[in-house]
Number of protein chains: 2
Amino acid sequence: MHMLGQSFNRFEAKRYSEQVAQMIQSKIIKDEIKIGSRLPTERQLADDLKVSRSVLREALRLLEASGYIDVKKGPKGGIFVNNVFHKPISVLWKNLADNGHITIDHIFDVRMQFEPYVMMEATKNATEKDIQRLRDLYVDVDAHFDDPVYLKNRNFEFHVILAGISGNPILSTFTKALLEILAEAAHNFLDLPFEQELSRIHREIIELMAQRKLTAVKKMFKHDILFLKNTLKKTVERDETHKQSKGGER
Amino acid sequence: MHMLGQSFNRFEAKRYSEQVAQMIQSKIIKDEIKIGSRLPTERQLADDLKVSRSVLREALRLLEASGYIDVKKGPKGGIFVNNVFHKPISVLWKNLADNGHITIDHIFDVRMQFEPYVMMEATKNATEKDIQRLRDLYVDVDAHFDDPVYLKNRNFEFHVILAGISGNPILSTFTKALLEILAEAAHNFLDLPFEQELSRIHREIIELMAQRKLTAVKKMFKHDILFLKNTLKKTVERDETHKQSKGGER
DNA sequence: AGAAGATATTGGTCAGACCTATATATATTA
DNA sequence: TAATATATATAGGTCTGACCAATATCTTCT
């Protein structure tokens with residue numbers, strides 16, 4: 001690799017892989033590469049950037065770990081750009097939860113601490129368009145009211161969009177990270193009545209937001225989180241107790 | 001690679017590189033690999049794990065991005081394990097701050113929101129040993145009271161230790177991430193009187209903690225953060241104004 | 001003793017081969 | 001005709017082995 005256009009970050013990064021990752025990241029951030037688009041193949045990209053495929057791949061691992069891209073195999077596969085703030089901080093985070101170093105309580109202590117703030121900021125900043133976006137999220141929900149996966153995805157997305165409306169990229173990322181960790185810690189818990197109730201609460205929150213009822217929103221939102229917490233704790237604890245009967249030791 | 005001991009995460013991860021990364025990560029977390037120790041060379045490790053060096057290196061990039069390891073060149077170089085919660089989330093985060101997508105305000109909005117909570121939890125949970133650890137941090141500070149770098153490191157470490165005492169790994173990681181981003185956004189601002197004042201505040205906080213004066217601690221801590229914010233904002237804004245005279249366009 | 005240079009160690013990069021999952025088209029069969 | 005095999009091409013995943021480059025340490029020369 002001779003030179004990647006310019007130098008980055010004041011002093012040039014050490015490895016080519018880091019430079020490549022930062023360059024692609026910059027282009028994504030600056031919207032020079034559209035979200036959802038597919039980058040050239042590994043071989044092509046490596047060639048374009050004048051680096052070996054190994055270097056390119058190490059760069060991809062970085063971008064992937066930070067959630068900038070998804071990589072899929074096969075034809076119609078490739079390297080896809082996705083919304084930065086819609087992706088987990090790192091695959092390795094999940095492992096933390098799985099190792100028992102992060103508990104449900106840890107997660108909810110943090111959520112209770114700063115998601116209501118996210119909620120407040122979002123309510124203050126929300127434009128009519130934002131509110132509409134939230135409503136749209138649940139517009140087809142009645143048609144899928146028996147589909148737990150559909151509901152779960154909506155309910156997840158709700159929090160992500162909210163963080164986005166807050167206008168603070170850090171909040172977006174943290175929120176997303178927390179939800180990802182939570183999903184892992186809760187062993188991807190899925191329950192229809194539970195998701196239905198969450199949808200109901202969320203839609204109620206949206207309308208309160210539309211009316212800018214700050215206090216009510218905050219109260220409802222805390223209710224939302226606590227409801228989630230209690231349900232999950234019960235399930236997970238029940239799981240833990242039954243664990244002994246399962247063979248897998250790891 | 002035939003099999004890495006066991007399978008991970010319920011369903012096996014896709015790539016070997018991810019499996020390797022998770023395996024090494026697990027060993028670090030379980031303390032089977034000591035912090036500070038040096039892993040075998042890339043060639044040796046790849047050989048041990050029955051994977052190619054390429055796969056091993058992609059795994060290293062993941063671990064590095066998540067702060068689990070440091071990699072240095074040359075003899076006496078190699079792969080070093082470091083404290084997970086003492087390292088930045090990712091090199092790419094820094095780039096975000098550098099691109100102006102994350103501002104000082106974003107960072108401090110978040111810090112103000114949840115670091116006081118960290119402070120509270122730490123004060124509640126702190127053992128005598130914890131307090132002593134904090135005092136030790138500043139024990140040699142008088143001898144280095146003219147050394148801004150020394151002070152800066154202590155003041156940084158203070159917040160990290162505090163998050164550790166809180167007992168919530170998520171808070172630790174977020175705190176560290178915020179501080180790393182901040183350092184980048186503030187262009188590694190360094191000023192002697194400023195660091196001296198921070199040291200003073202921190203030592204005061206430690207003594208208030210020792211006496212479990214919750215309210216006083218919280219108040220002092222907020223003061224600490226706001227002082228930091230205001231100082232930084234002034235400096236950074238001044239920097240921004242002078243920017244035009246600098247040639248580098250990037 | 002001190003400076004200059006040789007050497008060994010370890011990560012960094014490269015090139016090219018082959019493996020594997022998967023979407024799509026084609027052929028086969030009920 | 002419609003459902004189901006089977007072939008094929010695409011794009012990532014893995015492997016090998018070579019060579020480059022930074023750096024700590026030892027050696028040699030002044």
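In the text below, chain A, chain B and the rest are named by the order of the sequence lines, each starting its count at 1.
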For the pair made of [atom1] in [X] and [atom2] in [N], what is the distance, rounded to whole Å?
X       : N      : atom1 : atom2 : result
B/Leu60 : C/dG12 : CG    : P     : 8 Å
A/Ile69 : D/dA11 : CD1   : P     : 16 Å
B/Glu42 : C/dT9  : CD    : P     : 16 Å
B/Glu64 : C/dT10 : CD    : P     : 18 Å
A/Arg15 : C/dT13 : CZ    : P     : 7 Å
A/Glu58 : D/dC15 : CD    : C1'   : 15 Å
B/Lys14 : D/dA11 : NZ    : P     : 19 Å
B/Asp70 : C/dG11 : CG    : C1'   : 14 Å

**Item:** B/Phe145: partners by ring-ring contact (aromatic ring centres under 6.0 Å, His included), with sequence neighbours left out
**Value:** none
**Message:** Suppose we screen for ring-ring contact (aromatic ring centres under 6.0 Å, His included). Which residues come up paired with A/Phe108, at least two apart in sequence or across chains?
**Reply:**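 With neighbours one apart ignored, the set is empty.
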**Request:** Using side-chain hydrogen bond (donor to acceptor under 3.5 Å, both in side chains) as the criterion, list what pairs up with A/Arg53, not counting sequence neighbours.
**Result:** A/Glu42
**Qualifying residues under side-chain hydrogen bond (donor to acceptor under 3.5 Å, both in side chains), relative to B/Asp146, sequence neighbours excluded** =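 So B/Asp146 forms no side-chain hydrogen bond (donor to acceptor under 3.5 Å, both in side chains) with any residue.
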**Message:** Heavy atoms from C-beta onward define the side chain here; which of D/dG13, C/dG11, C/dC14 lies closest to that of A/Ser52?
**Reply:** C/dC14
**Closest to the A/Arg38 side chain, choosing from D/dA11, D/dG12, C/dG12** =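 So the nucleotide nearest the side chain must be D/dA11.
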**Message:** If you compare every side-chain N and O of B/Arg57 against the phosphate oxygens of C/dG11 (OP1, OP2), does one of them come in below 4.0 Å?
**Reply:**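 It does not, given that no N or O in the side chain of B/Arg57 lies less than 4.0 Å from OP1 or OP2 of C/dG11.
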**Asked** At under 4.0 Å between heavy atoms, what does A/Ser54 touch on the DNA or RNA strands: base, sugar-phosphate, or nothing?
**Response** base
Could you pull out all donor-acceptor pairs under 3.5 Å where a side-chain atom in residues 160-167 of chain B meets a protein atom, sequence neighbours excluded?
| from | atom 1 | to | atom 2 | distance (Å) |
| --- | --- | --- | --- | --- |
| B/Ser166 | OG | B/Ala163 | O | 2.6 |
| B/Ser166 | OG | B/Asn168 | N | 3.4 |

**Asked** Is there a donor and acceptor pair, one atom on the side chain of B/Arg43 and one on the base of D/dG17, closer than 3.5 Å?
**Response**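 Counting by modelled atom types and ignoring angles, no donor-acceptor contact under 3.5 Å is found here.
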**Item:** Donor-acceptor pair, side chain of B/Asp47 and main chain of B/Arg43, under 3.5 angstrom
**Value:**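 Side chain of B/Asp47 to backbone of B/Arg43, a donor-acceptor pair under 3.5 Å: no, none is there.
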**Request:** Answer yes or no: is there a donor N or O on one side and an acceptor on the other, between the side chain of B/His106 and the main chain of B/Thr103, under 3.5 Å?
**Result:** yes
Extract from the structure each pairing of a protein N or O with an N or O of nucleotides 22-25 of chain D at less than 3.5 Å, listing the distance.
| from | atom 1 | to | atom 2 | distance (Å) |
| --- | --- | --- | --- | --- |
| D/dA22 | O4' | B/Lys73 | NZ | 3.2 |

